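Step one of this worksheet: look at the structure below.
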Amino acid sequence: MVMVLQANDAREWCYRGEGAVNLVLAYSGEHPDFVGKVLRVQKVPRNGSQCENGHPGLTELECLMWKEFKELVSAPTKEMAEYCFVQHVMCSLLGSKNVDAGIHIPVTREFLETVDNNVLCQRPSFRVDAAMVNPLCDSVLLISDHSLFTRGALKKDFCISVEIKPKCGFLPLSEFIASENSIKRSVTRFKMHQALKLHQGKISEISAYDPLDLFSGSSDRVHKAIKGLFKTPQNNFRVFLNGSLILGGLGGNADATSCEVGETFENALKCVIQAIDGQRTQRFLDLISKTIFSSGLLNKVLEVQKLDNADIEGAIHAYYNVISQPCAVCNKRSAEDQLSERYSSLHSISNDESMKIVRNYLIAATAKDLSMMISFRPREDGSVESPYSMVSLESTNQNFDYKAYFIDLDLKPLERMEYYYKLDQQIVGYYVQMVKSTQQLRHIE
């Protein structure tokens, strides 16, 4: 595809959503190369420096850390590095069947500036304040719109899709976790972060979702997780009908599902789920749960997440080895600290071993932050053989084609390691203090 997107093409791309790194635009025009596609457009912090064209995709140290992946190391820009990371690292770990690396297409600065202006009023205010479309990128990523099935003979069929951000699905057991942070071994990072977000006013209530349920391998617990996500979607759960959002937030957190929202959603399911009023939502949640449980989709995700076997409290020491700087963490801890000997052992390993620990941590961080998109369409009795997998919903006597993809597989930069460590300490520190305060209040009562 040689076409370069110009300023006048921007009107055919509408806002679909965004994360911290990219803006997602869905195509609304008629050009055959773009029908059923979305664009991932890189953002840049408003208060930071912009990434200029021609700069290497990776820093010198990152090139050493990722040296096994030649295409990634030789990527000329950050956008191409992101693409190569998905294609050559995440595809091999998660399976190419469920990962769409997409293709890069050239764009003009005018296209990016027009897009930024066009979607401004649709973006959440906190996203607008934090970042803008990077006008200096020379390409964007074009991928299939996984909230839809490919158009063709069955284009009249309804398609319903769910996007789930599962988060970390295990409790860390690392020997490098400090005693004051031992609660990490029994309480999920997600639950602790929820407490901090509530304190900071970023969410209105604690989520009913527990990632350990979703990754448990138990059908009952998976179903409990999906019900929790529906009850409190936040930015972890969204549902699309024929590509249009019908539950969840576009670019930020969604409030808890109210009775009114629930009724609207129940009515929207009429064209897909064959059940009486009041039961369609439950049957749809059953469909999601059964698909996740029977497909084993999250097994590989969990394997990749567990590449982080040192936890950030161990990986941060390897990071200081990699950047050849005195360890800021060790400098703050007492020499008599029980873990000082273990930390010293980390600082005596080879550079290659240090790089492997950090590289695995960053890959795992991507797996902890990805999203999973599962799309369903009813399969009629006697229909032609389908290239898609099938799941049966016995309660409605329906069969569904489904497809599943992992998205948001962003390459985490090496320089973020210190941020990850500080955030981890902030999350755990606040939760520990909150628990102590609660216990003291109970004791007084």
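Throughout, numbering of the chain's residues begins at 1 and tracks the sequence. Bear in mind the structure is a predicted one, so any value in this text is a computation, not a measurement.
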Among side-chain atoms of Gln42 and Glu79, is any donor-acceptor pair under 3.5 angstrom? yes
Sidechain-backbone polar pair: Arg359 side chain, Met65 backbone, donor-acceptor under 3.5 Å: yes
Should Phe34 and Trp13 count as side-chain neighbours, where that means a heavy-atom distance under 4.5 Å? yes
So does Glu341 have more than 12 non-hydrogen atoms from other groups sitting under 6.0 Å from CD? no
With no hydrogens and no angle check, just 3.5 Å: does a side-chain donor-acceptor pair link Ser174 and Asp311? no
For the pair Ser216 (side chain) and Ser218 (backbone), establish whether a donor and an acceptor sit closer than 3.5 Å, ignoring hydrogens and angles. yes
Polar side chain donor-acceptor pair, Glu353 to Ser350, under 3.5 angstrom: yes
To the nearest 0.5 angstrom, please state how far the CD atom of Glu110 sits from the CG atom of Asn8. 11.0 Å
Would you indicate whether the side-chain heavy atoms of Met80 and His104 approach each other to under 4.5 Å? yes
Across all chains, not counting sequence neighbours, the side chain to side chain donor-acceptor pair (under 3.5 Å) partners of Asp145 are Arg16, Ser147
Is there a donor-acceptor pair under 3.5 Å between the side chain of Lys43 and the backbone N or O of Gly19? yes
Locate the shortest heavy-atom distance separating Thr232 from Ala208; write the atom from each residue and the value. OG1-N, 2.9 Å
Ignoring hydrogens and geometry, is there a side-chain-to-backbone donor-acceptor pair from Tyr420 to Leu362 under 3.5 Å? no
Side chain to side chain donor-acceptor pair (under 3.5 Å) with Asn181: which residues, sequence neighbours excluded? Glu313, Gln425
Minimal heavy-atom distance between Leu148 and Cys159, with the atoms involved, is CA-SG, 3.8 Å
Main-chain N/O of Asp369 paired to Lys165 side chain as donor or acceptor, under 3.5 Å: yes
With heavy-atom distances below 4.5 Å as the criterion, would you say the side chains of Leu25 and Val115 are in contact? yes
Under the 3.5 angstrom rule, does the side chain of Thr257 hit a backbone N or O of Phe230 as a donor-acceptor pair? yes
Taking the six-membered ring of Phe149 as reference, does the cationic atom of Lys403 (NZ for Lys, CZ for Arg) lie under 6.0 Å from its centre and within 45° of its axis? yes
Determine the minimum heavy-atom distance between Tyr15 and Pro124, stating which atoms define it. OH-CD, 3.5 Å
I need the Ser437 OG to Gln439 CD distance, nearest 0.5 Å. 9.5 Å
Surrounding NZ of Lys227 (heavy atoms of other residues, nucleotides or ligands, distance under 6.0 Å), is the total greater than 12? no
Taking the six-membered ring for Trp, are Phe237 and Tyr209 closer than 6.0 Å centroid to centroid? no
The test is salt bridge (Lys or Arg N to Asp or Glu O under 4.0 Å); show your working for Asp138 and Arg109 and say whether it passes. CA-CA 7 Å; Asp138 56 10; Arg109 177 169 183 151; over 6 Å; no
Is any side-chain heavy atom of Leu142 less than 4.5 Å from a side-chain heavy atom of Val38? no
When you measure from the side chain of Glu163 to the backbone of Ser371, do you find a donor-acceptor pair of N or O atoms at a distance under 3.5 Å? no
For the CD1 atom of Ile349 and the CE atom of Met355, what is their distance to the nearest 0.5 Å? 11.0 Å
Kindly indicate, with the supporting measurements, whether the criterion salt bridge (Lys or Arg N to Asp or Glu O under 4.0 Å) is fulfilled by Asp210 and Lys191. CA-CA 7 Å; Asp210 183 348; Lys191 181 176 180 178; over 6 Å; no
Donor-acceptor pair between Asn360 and Asp308 side chains, under 3.5 angstrom: no
Once ring-ring contact (aromatic ring centres under 6.0 Å, His included) is applied, do any residues pair with His347, and if so which ones, sequence neighbours excluded? His317
Is a side-chain N or O of Asp9 found less than 3.5 angstrom from the main chain of Phe111, in a donor-acceptor match? no
Strictly by modelled atom types, are Gln194 and Gln234 linked by a side-chain donor-acceptor pair under 3.5 Å? yes
Taking the side chain as every heavy atom from C-beta outward, state whether Leu411 and Trp66 have any atom pair closer than 4.5 Å. yes
Residues Lys78, Glu82: salt bridge by 4.0 Å N-O rule: no
Kindly compute the distance separating CG (Asp116) from CG (Asn134), expressed to the nearest 0.5 Å. 10.0 Å
Short side-chain to backbone donor-acceptor contact, Ser92 and Val89, under 3.5 Å: yes
Heavy-atom nearest pair, Leu285 first then Ser289, reads O-OG, 2.8 Å
Does the gap between the ring centers of Phe190 and His193 come in under 6.0 Å? no
Mark yes or no for whether Thr366, through its side chain, and Asp410, through its backbone, hold a donor-acceptor pair below 3.5 Å. yes
Verify whether the ring centers belonging to His88 and Phe69 lie closer than 6.0 Å. no
Output the distance between atom CD1 (Ile407) and atom OG (Ser144), rounded to the nearest 0.5 Å. 12.0 Å
